[in-house]
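Down below is the structure, laid out as structure tokens.
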Amino acid sequence: MIDMNDVYEKVMELAKRRGFIWPTSECYGSVAGFIDYGPLGAMMKRRLEDIWRYFYVIQEGYYEIECPTIAQEAVFIASGHLKGFSDKMCQCPHCNEFLRADHVAEGGGIAGGATMSNEELSAAIASCKCLSCGEVLGKVEVFNFNLMFKTSIGPGSQRTGYLRPETAQGMFVDFTRLLRFYRDHLPFGVVQIGKSYRNEISPRQGMIRLREFTHAEAEIFVHPDKKDHPNFSRYANYKMPLFTAIQQEKNEQPITITMKEAVKQGLIANEYIAYYLALTHDMLVKIGIKTERLRFRQHLCTERAHYASDCWDAEIYSSRFGWVETVGIADRTDYDLTAHAQHSGTPMTVFIQYEEPKKIQRRRIIPNMSVLGKQYRTKAKAVFDALSNATPDVDGAEIEVDGEKIHIPINLFEVRDEVIEVRGEDIVPHVIEPSYGIDRMCYAVLEQAYDEDIADGETRTVLRFSPTIAPVQVAVFPLMNRDGLDTIARDITHALQKQRILAEYDDSGAIGRRYRRQDEIGTPFAITIDYQTKEDHTVTVRDRDSMKQIRVNIDRIPELISTLLNGTIHFSSL
RNA sequence: GCGCCGAUAGUGUAGUGGUUAUCACUAGGCGUUGCCAACGCCUAAACCCGGGUUCGAGUCCCGGUCGGCGCACCA
């Protein structure tokens, strides 16, 4: 066992040295909040994303789209990011500390600071004390600090653009196109994997809080009254630890319970949320997260966004950082579509046909346009409108236009009682949003894979990656770099590559050193060609974790390695 | 952003203001080696950046950058 306290240092040192993660533009001194994925890191991240794609695109059938990382200002005005994603801040002139201006106001007994204008707030807090050093602030400037990166589109800064703080907005604004693509019916889902940007005040904790990060989000558009997932049975009996709001408030431990039961008891708002909680658990286990380091925490009402009706975080336990929020699963209701419909003027609704057309009794008042039009001329439109809402008696109708009471005789309009058929209604779908921080998943995978054991009296460093995400999938070694062993090894390498397997050939140095090198980067299997190979056409396959070997006929190698990699069979069963 | 601490080959490190900057591992080459970091020979490789003090700075001072911790901030 290894001392878990310094795993972070050890795994980051290894990650840097072996080409998983590097500080960005290191020769110019790096920039906090940005990282480079090296050759092995990029490969591993790609495999992780592909597992994500397997779940959402293949299994769920939600197609992936790709929107720009820069969007025009209007998008973020509508989404609320321009307002809501910024804080009013000020700087204490005495200690230079940056402070939330509304927090300062609150500390001075002034409520509602967040809704004041900057000038008002500046005046309000002049008499307040600095929350850091306690001095009276005096006259300070209040300014907005927005977490979005701002840029200009085109020459002359004609148009303001922002780097997206989430991929979600691109999918919302494409709603009408998507609806058409999915042939006008609910539910449907769409996903996007890409970079998102947040100008964090203080990025720290390595890969945990980045200014540019990879976001994998799914937006599932559902009928507001039908939040039962059509494939709920897949995860209905799935059990996992839920840290509900109730448990958190009562200081209790998470409870392990099936999804079906959790929905039934009202702990989870609906089947959709429950389904994606379970799917997320399923996926995180597949990429190698240990179940005991996984829990799902429900947001308390106080921390939930005002529009979300239920929200959960998948949290992964890090020996360095504690419970880290890695995935957020929220029911965003109709907030986003309503906002974009309002601001853009494009209706974002779905026409839902009733099973049976509804017959509705309706009274229509049809004015005699030719007479009334001539009579009221410019007022005619207002008269028509007022008349259609009037309740006429036998003499006619009394209406009021611009404060003037008007009597319209019965012969100038017709009252028609009719039964009309309504075949359906326009509804604004609700959005279920699972949102994944890919970089945090990468870190969790690295941290949890890191291990040291003792082999032949020496410490062996090994990344115990799941075979599904290991960057290098198999290593091929000729025992000796001569006598034709190298040729056989190269042939096997090529045969593996033909099967789309990333195989690395290595003939340098002692065989033990080669095994260790691959152990350190988490390569799950190694094939060694020895002198017996020349006699009976067999090679050895070595398992990274147990260091055990079996002999296999060369012809079986590509297929065997494929099945070992995709988890169909385990080495221990061979 | 504030405060404290730190930064030396790819990695980890030693280094009283004074020769050519220490050591180990790693990496590359050659030899050796018949299954787990073996061995021999050889090679490559570093004082974060910018100022200042000094005859002389890896070392002292100031500023910056990056990293760690605490505070603050933060889906």
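- If you check distances only, the side chain of A/Arg542 does reach the base of B/C36 with a donor-acceptor pair under 3.5 Å.
- At a threshold of 4.0 angstrom between heavy atoms, the contacts of A/Gln549 include nucleobase atoms, whether or not backbone atoms are also involved.
- Residue A/His299 and nucleotide B/A75 are classified as a stacked aromatic pair, their ring centres being separated by less than 5.5 Å at an interplanar angle below 30°.
- In this structure, the aromatic ring of A/Tyr531 is positioned over the six-membered ring of the base of B/G34, centres within 5.5 Å and planes within 30°.
- Contact check, A/Arg517 against B/A27: a side-chain N or O comes under 4.0 Å of OP1 or OP2.
- A donor-acceptor contact shorter than 3.5 Å links the side chain of A/Asn270 to the backbone of A/Tyr272.
- Counting any heavy atom pair closer than 4.0 Å across all strands shown, A/Thr461 reaches a base atom.
- When the nearest nucleotides of RNA chain B are assigned to A/Arg17 and A/Ser30 by heavy-atom distance, the more 5′-ward of the two goes with A/Arg17.
- Rounded to an integer number of Å, the gap from A/Glu520 CD to B/G10 P is 17 Å.
- Residues A/Asp313 and A/Arg295 are not paired through a salt bridge, judged by the lack of any N-O separation under 4.0 Å between the basic side chain and the carboxylate.
- Nucleic acid contact for A/Asp530: base, since at least one base atom lies under 4.0 Å from a heavy atom of the residue.
- Judged by atom type and distance alone, A/Asp519 does not reach the base of B/A37 through any side-chain donor-acceptor pair under 3.5 Å.
- A salt bridge links A/Glu166 to A/Arg332: one of the charged nitrogens lies within less than 4.0 Å of a carboxylate oxygen.
- Using a 4.0 Å heavy-atom cutoff across all strands shown, A/Ser508 reaches no nucleic acid atom at all.
- Within the nucleic acid shown, A/Leu479 comes within 4.0 Å of at least one base atom, counting heavy atoms only.
- Annotation: cation-pi pair A/Arg297/A/Trp312 absent, no NZ/CZ under 6.0 Å from the ring centroid and within 45° of its normal.
- A/Glu166 comes within 4.0 angstrom of no nucleic acid atom, judged by non-hydrogen atoms across all strands.
- Defined by atom type and a distance below 3.5 Å, a donor-acceptor pair is present between the side-chain atoms of A/Arg164 and A/Gln192.
- Dashed line: the shortest gap from a side-chain N or O of A/Arg513 to OP1 or OP2 of B/C35 is not under 4.0 Å.
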